[in-house]
Enquirer: 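Please find one structure pasted underneath; my questions will follow.
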There are 2 protein chains.
Amino acid sequence: MSNLTNRERKIPSDHASGSVYRGTPYTDHAAGVLTLTDRYKSVDRQIKAGCDLFRVGERGEGLYSLIDGWVALYNLLDDGRRQILQFALPKSVLAFLPAHGGMMSYGAQALTDTVVGIVPHEDLGQLCRDNPGMGMQLAGLISQDRGLAYDHLSSIGRRSARERVTYLLLELFIRTRMRWPGHRIEEMHLPLTQEDIGDATGLTGVHVNRVLRDLRQDRIAEFHYRRLRILNPDKLIDVAGIDPHVALSWIGNNACDKESSQPQPSVTSTPNICCAVMPRAISRQREAHLP
Amino acid sequence: MSNLTNRERKIPSDHASGSVYRGTPYTDHAAGVLTLTDRYKSVDRQIKAGCDLFRVGERGEGLYSLIDGWVALYNLLDDGRRQILQFALPKSVLAFLPAHGGMMSYGAQALTDTVVGIVPHEDLGQLCRDNPGMGMQLAGLISQDRGLAYDHLSSIGRRSARERVTYLLLELFIRTRMRWPGHRIEEMHLPLTQEDIGDATGLTGVHVNRVLRDLRQDRIAEFHYRRLRILNPDKLIDVAGIDPHVALSWIGNNACDKESSQPQPSVTSTPNICCAVMPRAISRQREAHLP
DNA sequence: CGAATGCTTGAGCTTCATCAACTTCAGTGG
DNA sequence: CCACTGAAGTTGATGAAGCTCAAGCATTCG
């Protein structure tokens with residue numbers, strides 16, 4: 001039907017997406033929405049690593065929520081150039097087509113074996129009527145994705161290659177760390193190729209490789225065959241030029257139940273993401289042999 | 001409080017945002033949501049051209065909907081680099097903070113004199129209860145914005161400077177044309193500087209200038225002191241490499257009331273945006289003096 | 001008319017892409 | 001266990017696309 005490329009991939013089996021249903025440690029919309037869609041979804045669909053969940057131009061079936069696995073949302077240009085729009089982790093909404101006839105405006109490729117739940121169009125209305133708050137929560141969830149997209153825009157549009165790559169690594173690190181707080185992180189699994197990183201950052205795979213080499217030489221981070229090691233978190237954050245507010249939004253700081261209007265730290269005070277997410281151990285681990 | 005730059009601008013008075021309240025000619029969520037927010041909003045806030053509606057890190061007041069005027073949503077990096085995330089037209093939702101304590105993760109600058117309606121947090125719940133469909137419509141609206149952001153990502157990440165600039169011009173042309181169908185378009189007003197275009201496309205103002213020069217020499221389009229002339233629409237679309245599906249999503253093809261499941265044209269058939277939006281007159285107007 | 005903002009152009013330079021060859025790694029089947 | 005195969009990573013040489021700096025011009029607005 002369409003001539004989309006579909007690079008099949010073999011993925012190692014120890015990826016970090018095993019235990020999804022432990023309670024989320026942070027307040028967000030995801031819990032509510034995902035629990036609800038759980039009840040209304042028609043079937044779980046299983047997709048093998050490397051296959052597409054859906055493609056551009058296909059008719060959307062309703063609301064897609066990712067239950068388990070890693071997924072890349074992407075766009076293809078006519079000549080084959082590819083842009084990865086987002087790396088989706090479990091409990092995220094992959095797509096939302098509220099009505100019949102809507103077409104997918106981007107594709108979705110499974111990076112690992114994945115499970116997806118789908119709530120069909122016809123059930124969305126009912127779901128919405130039964131649970132009045134649902135729509136707003138969904139809006140919040142999608143709004144969060146939009147925020148992520150905006151951050152990527154800033155990164156790709158205005159940052160250097162080195163900044164972009166470190167930014168992406170750090171983002172993925174923080175987001176996965178939030179999903180699976182128990183995991184050890186000295187060496188974590190990211191089911192991506194360097195080419196994928198390039199497609200996400202607007203660079204070529206070759207150049208990503210060079211950037212990664214420099215990061216390794218500077219003892220900041222290593223990425224090699226789908227394995228990420230963060231050697232110097234502080235420097236990583238520094239190079240990435242992360243705005244702590246942004247990082248908080250990845251974690252899901254929607255603060256649904258904070259009704260207090262007590263003055264919070266002002267704009268200039270920086271919530272220390274590093275401390276929140278990175279165990280001291282790692283900071284100590286290597287004292288950095290810098291030039 | 002924060003050291004954001006705030007370039008004041010003088011804007012000519014003949015910008016195209018005068019008659020907002022004529023009925024929308026296309027089916028979308030905007031109509032429903034905006035009519036509702038109209039009833040619940042606390043006050044209209046008026047902002048002069050060049051001023052910020054809100055800034056990064058400020059506490060959000062609830063749901064912001066743009067009633068009249070042009071607004072640029074933007075991000076700033078530490079060193080002053082700026083990325084424009086979206087140009088918002090009337091009837092769009094600028095921001096949506098569902099709960100207290102949420103911070104704006106991007107800024108919004110008025111490009112013209114603007115009017116904004118705000119529905120405070122406390123009224124959002126009530127609005128939602130009174131109008132059950134509202135949440136979903138809002139979700140659809142935000143989802144549409146996310147789609148726009150994804151398109152910009154593809155553009156900035158994978159296209160050449162020439163493609164990016166033409167893409168942006170065409171997008172803005174189509175979106176404004178959809179809002180104000182009656183306007184003549186041979187020469188339309190875009191309240192942007194070349195620097196703004198650069199900040200939106202991830203280029204420098206200087207380079208945007210060079211690209212615009214080439215487009216002028218190739219008799220494709222002219223942009224000069226906030227005035228856009230499209231000389232050769234067909235070529236413009238060609239250079240921009242626009243996917244017609246994408247263009248349709250700008251127009252708002254959510255197809256809310258199309259319940260028919262009759263087979264629609266397949267993916268490969270290209271809905272002709274050019275025909276839908278561009279009057280033949282323009283195509284004829286210049287036969288193109290090409291090299 | 002004057003000031004301020006925005007546009008235009010050139011020269012030199014940096015960053016990143018392209019091409020191509022080579023190496024390493026992971027999975028497969030003997 | 002090894003050899004084999006295909007995918008992914010690595011490196012160098014070369015060039016193009018776009019940035020920076022700097023100076024001068026045009027347009028708008030008061």
Side-chain angles (χ1 to χ4, degrees), chain A residues 5-15 48-50 77 79-83 111-112 155-165 189-199 201-217 222-229, chain B residues 5-15 48-50 77 79-83 111-113 155-165 189-217 222-229:
Chain A
T5 67
N6 182 10
R7 330 177 190 176
E8 295 292 333
R9 308 256 165 90
K10 310 290 186 341
I11 307 287
S13 56
D14 67 343
H15 59 81
K48 300 296 286 180
L77 304 190
D79 56 1
R81 285 175 289 183
R82 185 171 83 139
Q83 176 67 45
L111 295 173
T112 65
S155 193
I156 294 187
R158 286 306 183 207
R159 293 169 131 95
S160 71
R162 186 180 167 94
E163 291 172 303
R164 288 186 226 175
V165 172
H189 179 77
L190 286 185
L192 315 174
T193 64
Q194 296 184 356
E195 185 98 21
D196 290 331
I197 294 179
D199 286 346
T201 52
L203 302 166
T204 57
V206 172
H207 198 67
V208 167
N209 182 287
R210 288 188 230 275
V211 170
L212 288 174
R213 164 166 50 73
D214 294 346
L215 289 178
R216 193 183 327 126
Q217 283 170 359
E222 287 176 2
F223 181 81
H224 204 65
Y225 284 97
R226 302 195 166 91
R227 230 145 242 301
L228 172 66
R229 287 174 65 105
Chain B
T5 68
N6 183 9
R7 331 176 190 180
E8 295 291 333
R9 307 254 164 91
K10 309 292 188 337
I11 308 287
S13 56
D14 67 342
H15 59 82
K48 300 296 284 181
L77 274 50
D79 56 2
R81 287 176 288 183
R82 185 172 83 139
Q83 175 66 45
L111 295 172
T112 66
D113 294 349
S155 193
I156 295 187
R158 286 304 182 208
R159 291 170 132 95
S160 70
R162 186 179 165 99
E163 291 173 302
R164 288 186 226 176
V165 171
H189 179 77
L190 287 185
L192 316 175
T193 65
Q194 297 185 354
E195 185 99 20
D196 289 331
I197 294 179
D199 285 346
T201 51
L203 302 166
T204 57
V206 172
H207 197 67
V208 167
N209 182 286
R210 287 188 233 272
V211 170
L212 288 174
R213 163 165 50 72
D214 295 346
L215 289 178
R216 192 184 327 124
Q217 283 171 359
E222 287 176 0
F223 181 81
H224 203 65
Y225 285 96
R226 303 195 166 89
R227 233 145 240 299
L228 172 66
R229 287 176 66 105

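Proteins get letters first, then strands, A, B, ... in listed order; numbering begins at 1 in each.
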Enquirer: Report yes if at least one side-chain N or O of A:Thr204 is closer than 4.0 Å to OP1 or OP2 of C:dA17; otherwise report no.
Expert: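 Looking at the OP1 and OP2 atoms of C:dA17, one of them is under 4.0 Å from a side-chain N or O of A:Thr204.
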Enquirer: Indicate the atoms forming the closest heavy-atom contact of B:Arg158 with A:Gln83, along with that distance.
Expert: CG-OE1, 3.6 Å
Enquirer: Whole angstroms only, please: what is the CD1-C1' distance between A:Ile156 and C:dT15?
Expert: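 About 16 Å, once rounded to whole Å.
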Enquirer: Would you indicate what B:Gly198 reaches in the nucleic acid, counting non-hydrogen atoms under 4.0 angstrom: base, sugar-phosphate, or nothing?
Expert: nothing
Enquirer: Of all the heavy-atom pairs spanning B:Arg164 and B:Ser155, show the shortest one and how long it is.
Expert: CG-O, 3.5 Å
Enquirer: In whole angstrom, what separates B:Leu203's CG from D:dT20's P?
Expert: 11 Å
Enquirer: Please state how far atom OH in A:Tyr225 lies from atom C1' in C:dG27, giving the value in whole angstrom units.
Expert: 13 Å
Enquirer: Going through the distances and angles, do A:Arg226 and A:Thr193 end up as a side chain to side chain contact (heavy atoms under 4.5 Å, CB included)?
Expert: CA-CA 6 Å; A:Arg226 302 195 166 91; A:Thr193 64; 3.4 Å; yes
Enquirer: Which part of the nucleic acid does B:Arg210 contact within heavy-atom distance under 4.0 Å: base, sugar-phosphate only, or nothing?
Expert: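 Base contact.
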Enquirer: Would you please confirm or rule out a distance under 4.0 Å between OP1 or OP2 of D:dT10 and any side-chain N or O of A:Arg216?
Expert: yes
Enquirer: Between C:dT24 and A:His224, is there an OP1 or OP2 to side-chain N/O distance shorter than 4.0 Å?
Expert: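 No, no such contact exists.
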Enquirer: Which whole-number value in Å describes the distance from B:His207 NE2 to C:dC13 P?
Expert: 19 Å
Enquirer: Could you give the CD-to-C1' distance, from A:Glu195 to D:dA7, as a whole number of Å?
Expert: 11 Å
Enquirer: Where is the tightest heavy-atom contact between A:Val165 and A:Leu215, given as atom of each residue plus distance?
Expert: CG1-CD1, 4.4 Å
Enquirer: Measure CD/A:Glu163 against P/C:dT15 and give the value in whole Å, please.
Expert: 11 Å
Enquirer: Taking only the side-chain nitrogens and oxygens of B:Asn209, find out if one of them lies under 4.0 Å from OP1 or OP2 of C:dT8.
Expert: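 For C:dT8, OP1 or OP2 has a side-chain N or O of B:Asn209 closer than 4.0 Å.
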Enquirer: A:Glu222 CD to D:dG9 P: how many Å, rounded?
Expert: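 After rounding, the reported distance stands at 14 Å.
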Enquirer: Under the salt bridge (Lys or Arg N to Asp or Glu O under 4.0 Å) criterion, do A:Asp196 and A:Arg82 qualify, and how do the steps go?
Expert: CA-CA 9 Å; A:Asp196 290 331; A:Arg82 185 171 83 139; 2.7 Å; yes
Enquirer: So which one's nearest nucleotide on DNA chain C is more toward 5', B:Gln194 or A:Arg162?
Expert: B:Gln194
Enquirer: Rounded to whole angstroms, how far apart are CZ on A:Phe223 and C1' on D:dT10?
Expert: 15 Å
Enquirer: Under 4.0 Å from OP1 or OP2 of D:dT11: is there any side-chain N or O of A:Arg213 that close?
Expert: yes
Enquirer: Give the nucleotide from the list C:dC7, D:dA8, C:dC16 with an atom nearest to the side chain of A:Arg226.
Expert: D:dA8
